[in-house]
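Below: the structure, in structure tokens.
Below, chains carry the letters A, B, ... as their sequence lines are ordered, and counting in each starts from 1.
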2 protein chains.
Amino acid sequence: MKKYVPVLMKTQMFAGVGNDEVSAMLSCLDARLYNYKKGEYVLRQGEHLSDIVVLVEGTLHIQNDDYWGNRSILGQIAVGEMFGEAYVAPESGALLNDVVAIEDSTVIFFDVRRILTTCSSACRFHAMVVQNMFFAISGKNRKLVQKLGHMSKRSTREKLISYLSEEAKKHNSATFNIPFNRQQLADFLSVDRSAMSNELCKMRDDGLIEFDKNSFKLL
Amino acid sequence: MKKYVPVLMKTQMFAGVGNDEVSAMLSCLDARLYNYKKGEYVLRQGEHLSDIVVLVEGTLHIQNDDYWGNRSILGQIAVGEMFGEAYVAPESGALLNDVVAIEDSTVIFFDVRRILTTCSSACRFHAMVVQNMFFAISGKNRKLVQKLGHMSKRSTREKLISYLSEEAKKHNSATFNIPFNRQQLADFLSVDRSAMSNELCKMRDDGLIEFDKNSFKLL
DNA sequence: ACAAATCAGTTGTTTTTACAACAGAATCGA
DNA sequence: TCGATTCTGTTGTAAAAACAACTGATTTGT
């Protein structure tokens with residue numbers, strides 16, 4: 001376990017916590033290390049979870065199979081990222097997705113109750129971890145709400161307007177660069193790339209926006 | 001402030017905390033009470049927030065104006081609900097929405113750092129509040145991810161398949177009732193009601209599902 | 001520097017969705 | 001109970017998006 005302390009130190013969860021403190025907290029947080037071979041399941045749909053999990057080696061996929069067996073990959077988890085935090089609330093019910101190792105992987109499970117219940121003064125940094133976790137989920141929440149705001153628009157143009165307006169607000173300027181190329185933006189907004197490209201040009205023709213590559217200007 | 005302790009006790013934030021304890025914690029959490037007349041802004045786009053806010057009287061709307069001034073109402077906040085929790089992380093940047101009182105309203109602001117930094121032993125229930133907050137936002141997260149999973153599907157049929165599959169998993173059964181009528185389900189999935197109704201019937205004709213009112217069965 | 005790969009825009013066709021308008025069934029209220 | 005309202009399904013039409021295929025521009029790697 002000690003081997004992975006440097007990895008843990010770089011995670012959001014342990015941001016600002018020193019090497020020795022992380023080591024000291026491992027037992028206090030009931031950290032358990034597990035290895036998975038490529039193809040093995042880390043978490044299964046239907047299971048109940050009361051741990052927050054951090055990937056310290058390898059790569060994982062979050063997968064979803066619908067009732068008729070169609071599989072879709074919802075996301076990829078890279079080293080240092082945490083998952084499971086959305087399912088740890090007592091009332092959250094069973095997991096609805098699978099988490100699978102797509103290469104040999106190692107994860108560390110942390111009991112959420114041990115995280116949230118500050119223990120003896122032995123771990124002075126415990127409160128810091130709680131804050132880190134809270135802000136991490138809070139930030140995730142914000143991103144989800146924002147994305148949902150765009151996605152809930154019916155037309156491609158409305159989605160673009162929603163997204164671009166928000167970027168302008170974030171940058172506090174009508175001119176800004178976006179962190180996506182066209183395909184990525186289309187994927188982000190769940191629309192067809194060529195249709196979106198087409199719509200962007202129409203919006204330019206209508207005098208709503210100007211753009212050049214990743215640089216946009218709202219008029 | 002004391003007047004609203006019974007309201008606070010019913011909130012997710014203070015679940016399981018007794019009357020006297022809530023009262024005692026108000027100062028420890030730096031609770032500040034504000035009144036707003038109908039039409040006044042509780043929070044404004046562009047502001048920075050480091051408080052979690054609980055509505056104790058009235059009704060609020062979360063509004064969003066795009067760059068060209070088109071307003072959309074993202075949601076309504078009822079008595080006992082909290083908001084702002086997605087923006088309290090230090091790195092979250094400015095608010096992107098407005099919160100407006102649509103009738104005379106009263107809210108209580110709680111400094112998030114005071115919540116997360118457990119104080120002296122005076123408030124034994126402080127840890128409980130931290131847990132409550134954590135689970136609340138974690139649960140919100142889960143709902144958002146799930147909804148996003150449906151919304152990211154391109155066609156109405158795929159959205160329905162995604163939603164119905166998930167309901168089946170939740171109920172652990174191929175037969176279940178949904179908590180929406182047709183219009184509400186259409187709004188939830190951001191599609192047209194009549195088109196959705198049409199698609200549901202096609203899915204029935206294709207032998208995928210059976211349904212009667214709110215009761216569905218996957219085949 | 002050059003070939004290969006990636007990226008952005010364009011066009012035409014097909015499919016899907018939104019929209020509007022309506023009808024029958026179910027529900028609600030007086 | 002009766003009228004009004006709400007809910008659900010149906011249909012036709014218009015609008016929009018997806019899809020496929022292609023072009024030229026830009027970037028990348030050797």
* In whole Å, what is the span from the NZ atom of Lys202(A) to the C1' atom of dA8(C)? -> 16 Å
* To do: Map Lys213(A) and Asp192(A) onto DNA chain D by nearest heavy atom, then report which one ends up closer to the 5' terminus.
  => Asp192(A)
* To do: Round to a whole Å and report the spacing from CZ of Arg182(B) to P of dG24(C).
  => 20 Å
* Structure fact -> Asn198(A) CG to dA8(C) P, in whole Å, measures 15 Å
* Asked: If you look at every strand shown and take non-hydrogen atoms under 4.0 Å, does Ser194(A) touch a base, only sugar-phosphate, or nothing?
  -> base
* dA17(D) C1' sits how many Å from Lys153(A) NZ, rounded? -> 18 Å
* Euclidean distance, atom CD of residue Glu199(A) to atom P of dA18(D) [Å, nearest integer] -> 10 Å
* Candidates dT10(C), dT16(C), dA18(C) - which lies nearest the side chain of Cys201(A) -> dT10(C)
* **Heavy-atom pair of closest approach, residues Val130(A) and Ile115(A)** => CG2-O, 3.3 Å
* When the distance from CD of Glu158(B) to C1' of dT17(C) is rounded to whole Å, what number comes out? -> 14 Å
* Mind calculating the distance between CG (Leu160(A)) and C1' (dG9(C)) to the nearest angstrom? => 15 Å
* Asked: Where does the angle between the aromatic ring planes of Phe176(A) and Phe216(A) fall among parallel (under 30°), tilted (30 to 60°) and perpendicular (over 60°)?
  -> parallel
* Asked: For dT17(C), does OP1 or OP2 lie under 4.0 Å from any side-chain N or O of Thr156(B)?
  -> yes
* **Distance-only donor-acceptor check, side chains Thr59(A) and Glu103(A), under 3.5 Å** => yes
* Any donor-acceptor N or O pair under 3.5 Å, side chains Asn64(A), Lys169(B) -> yes
* Just call it for Ser197(B): base, sugar-phosphate, or nothing, with non-hydrogen atoms closer than 4.0 Å on any strand. => base
* Structure fact -> Taken to the nearest whole Å, CZ/Arg193(A) to C1'/dG9(C) is 8 Å
* Structure fact -> Value for CE (Met25(A)) from CE (Met128(A)), rounded to nearest 0.5 Å, stands at 9.5 Å
* Asked: Is a donor-acceptor pair below 3.5 Å formed from side chain Arg204(B) to base dG9(D), judging by atom type as modelled?
  -> no
